Amino acid sequence: MQDRAAQLRQLLNAHAHRYYVLDAPSIPDAEYDRLFKELQAIEAADPALLTPDSPTQRVGAAAVDAFASVPHRVPMLSIHTETDITDQGAVAFDQRVRKQLQLSESDAAVAYVAELKFDGLAISLRYNNHVLVQAATRGDGETGEDVTHNIRTIGQIPLRLSPQAPPDVEVRGEIYMRRDDFEALNERQRHRIAAGIKNEKTFVNPRNAAAGAVRQLDPQIAAQRPLSFFAYALHFHPPKPQALTPLEATLWGLQDYGSQAEVLQCLKAWGFAVAEQTQTVSGAQGLVQFHAQIAKLRDQLPFDIDGVVYKVNRIDQQGLMGMVSREPRWAVAHKFPAQEELTTVLAIDIQVGRTGKLTPVAKLAPVFVGGVTVTNATLHNEDEARRKDVRVGDTVVVRRAGDVIPEVVSVLIEKRLNQATVFTMPRHCPVCASQAVREEGEADYRCTGGLFCSAQQKQAILHFAHRRAVEIEDLGEKLVDQLVDSGLVKTLADVYKLGFSHLASLERMGEKSAHNLLSSLEKSKSTTLPRFVFGLGIRHVGEATAKDLARHFGGIDAIMNASIEQLLQVHDVGPVVAQSLRTFFDQAHNREVVEQLQACGVLWPEADPQGRLDLPLTGHTYVITGTLPTLSREQAQSLLEAAGAKVAGSVSKKTTGVIAGEAAGSKLEKALRLNIPVLNEAGLLVLLKPVA
Ligand code: IVH
């Protein structure tokens with residue numbers, strides 16, 4: 001039994017190494033579980049066979065009341081941070097190293113190991129007879145905290161070193177949380193909070209989440225927090241107490257290894273994860289290249305780093321260099337611009353989007369974060385702003401990672417000024433002063449200014465000019481930008497007031513284009529009521545609703561003046577649409593634009609309200625499918641509707657007929673199956689003849 005237990009421990013630890021460190025499991029999870037259970041059973045039957053390096057002992061240690069303090073036998077030093085975040089930081093370090101090593105210009109380039117600077121927390125792992133016996137945090141560098149119970153739960157940390165390792169060592173490295181693990185953890189936390197579980201919270205960033213997990217008193221909780229580990233240093237203890245300087249203690253026993261590169265190689269061979277991005281490079285140029293390469297890679301790494309670390313590779317050279325104030329001279333941390341910074345909120349502005357959406361934006365005291373100076377950060381909407389409770393004057397954490405837009409992560413409540421007032425969304429549009437409303441079930445406030453609001457003008461004009469609205473050919477996005485930005489056009493009606501001289505004055509506008517646009521404008525003036533109503537861009541009023549409204553009321557005045565009750569009479573108009581129409585037409589300037597458009601000559605054939613019951617195709621429903629030889633689908637639809645027919649999107653038993661063109665597919669098949677008459681374009685024109 002004892003042999004079998006030892007064999008199982010070895011097997012399981014080897015598989016754990018393949019799974020967690022090498023990312024290359026060689027047996028299915030179920031097989032691992034089977035072996036694990038077998039070992040558990042043996043240990044349960046005979047507790048004397050239980051050893052500290054048994055994988056069954058990763059979880060299951062009892063919770064502690066407090067952390068025991070651990071004096072570090074080799075002090076945990078810190079690293080000097082190179083303040084120049086350009087590649088000159090690397091050049092400056094190399095110069096200092098050469099000077100301290102008294103190298104002259106003719107001497108060869110210094111060899112360095114360039115590593116990632118992991119954004120986690122340093123941990124020291126003590127192995128006795130190859131077995132992990134203690135894990136301690138850095139603390140103040142002299143004394144840390146015993147967190148062995150939590151560290152054991154981390155699959156990437158070997159409980160037993162491979163046999164070729166020296167039996168008694170101290171291995172140091174960084175505990176961190178991968179970004180995907182962090183996201184998943186927060187997702188889980190959100191569910192727990194939503195489920196009403198007390199004292200749960202989400203974490204601000206992977207480092208905080210990792211630090212929180214390592215300092216859990218209960219290893220059961222730590223075990224649920226997915227932690228990872230990279231090793232980067234090895235230490236030995238002097239065989240008998242000696243008065244060693246911190247530097248001597250740090251380097252004790254490492255002479256046998258010759259270099260940091262060899263140390264890392266050994267750590268890898270003994271079962272630790274070592275970052276694959278680590279490189280041995282030569283001279284300042286090698287450091288600069290590494291720095292640039294990692295800066296580019298930074299956002300694609302599966303974990304956060306806050307810079308790179310350069311270490312003189314040769315241990316003997318490290319020994320020659322000495323220390324200044326707890327920092328060895330042979331290593332330097334060359335940071336990248338931080339992705340999170342503190343700054344203050346100067347104001348909360350409201351931005352008006354293309355569809356009238358109001359977005360609160362924090363105006364910030366300029367802060368250099370993620371490589372750029374940030375002065376704005378979105379607060380998304382009222383609920384988000386409330387949730388984070390951002391107030392003017394607050395000190396906030398701003399994050400900008402990669403190309404993602406900067407955002408306020410959290411507020412430092414303890415720094416809040418007494419007079420800071422809670423943010424509320426304005427009830428009026430900051431651009432045009434129209435009422436701002438937030439509809440039930442929606443996150444956003446919207447400006448009701450519609451066509452009058454300058455922020456919405458461009459969008460409104462483009463919508464009005466759309467092929468399915470009044471259709472103004474040649475009026476594209478770039479031109480609309482130019483017209484609005486130059487102040488030539490403010491309202492839809494202004495578009496029709498443009499003369500040749502106005503257009504010709506625009507940059508990049510040739511004579512021919514100006515003429516083309518003017519003739520498109522003329523052409524667009526004769527339109528239909530549904531196209532006109534749709535073109536106004538009223539929220540929730542799409543093409544179908546515009547048609548229903550036109551059919552029901554017959555004229556624009558009747559639509560503008562209809563009460564909610566009257567609007568609700570219209571086929572397919574519910575309270576949301578009715579309210580949206582009312583809100584739109586209650587704004588005097590929207591009515592003005594409608595009047596001006598008409599005054600400019602935008603007209604349509606008037607119809608009798610509810611009337612036209614006598615039209616030849618009233619009560620008939622047609623479906624158009626495939627490509628017709630000369631008519632566009634829109635044209636065919638308009639013709640049918642002008643004759644009183646409805647045009648539907650799908651074929652049913654109620655369909656009167658199907659107009660089929662080339663490449664008609666399933667709709668045609670269905671019509672044939674249901675014995676519904678099928679017409680081609682010529683047939684359609686015959687059908688329409690009496691009204692044409
Ligand atoms: S070496 C004598 N290497 O940065 C040098 N530190 O003080 C001892 N860190 O909190 C540290 N990545 O946790 C070293 N590749 C790396 C590192 C690294 C991150 C952290 C370490 C410590 C701080 C430096």
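Numbers here are sequence positions counted from 1. All values reported here derive from a predicted model rather than from experimental measurement. In each ligand, atom 1 is the first atom listed, and ligand 1 is the first ligand listed.
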In plain terms, say whether E200 and R188 are close enough for a salt bridge, that is, a side-chain N and a carboxylate O under 4.0 Å apart.
no
Minimum-distance protein heavy atom relative to atom 21 (C) of ligand 1
Y232 OH, 3.1 Å
Only one of Q40, R9, E43 passes side-chain hydrogen bond (donor to acceptor under 3.5 Å, both in side chains) with S54; say which it is.
E43
Just to confirm my output: which protein heavy-atom neighbour is closest to atom 10 (O) of ligand 1, and how far is it?
A122 CB, 4.1 Å
Can you find an N/O atom of I79 closer than 3.5 Å to an N/O atom of ligand 1?
yes
Looking at non-hydrogen atoms alone, which of R172, K311, Q260 comes nearest to atom 3 (N) of ligand 1?
K311
Atom indices of ligand 1, in the order listed, that fall short of 4.0 Å to a heavy atom of S78:
7 (O)
Looking at R399 and E407, is there a salt bridge between them, counting it only when a charged N and a carboxylate O are closer than 4.0 Å?
no
Salt bridge check: are D394 and K388 linked by an N-O gap of less than 4.0 Å?
no
re atom 2 (C) of ligand 1, the protein heavy-atom contact at minimum distance is P328 CG, 3.5 Å
As a check for students: among E174, M76, R138, E115, identify the option with a heavy atom nearest to atom 9 (N) of ligand 1.
E174
Do any N/O atoms on L116 end up under 3.5 angstrom from N/O atoms on ligand 1?
yes
Pair Q224-D218, side-chain donor/acceptor within less than 3.5 Å
no
Tell me the protein heavy atom at minimum distance from atom 12 (N) of ligand 1, and give that distance in Å.
F118 N, 3.1 Å
Does the plane of the ring in F118 sit parallel, tilted or perpendicular to the ring in Y232? Use 30° and 60° as the thresholds.
parallel
For the residue pair D107 / S104, report whether a side-chain donor-acceptor contact shorter than 3.5 Å exists.
yes
What is the closest protein heavy atom to atom 23 (C) of ligand 1, and at what distance does it sit?
K117 NZ, 3.6 Å
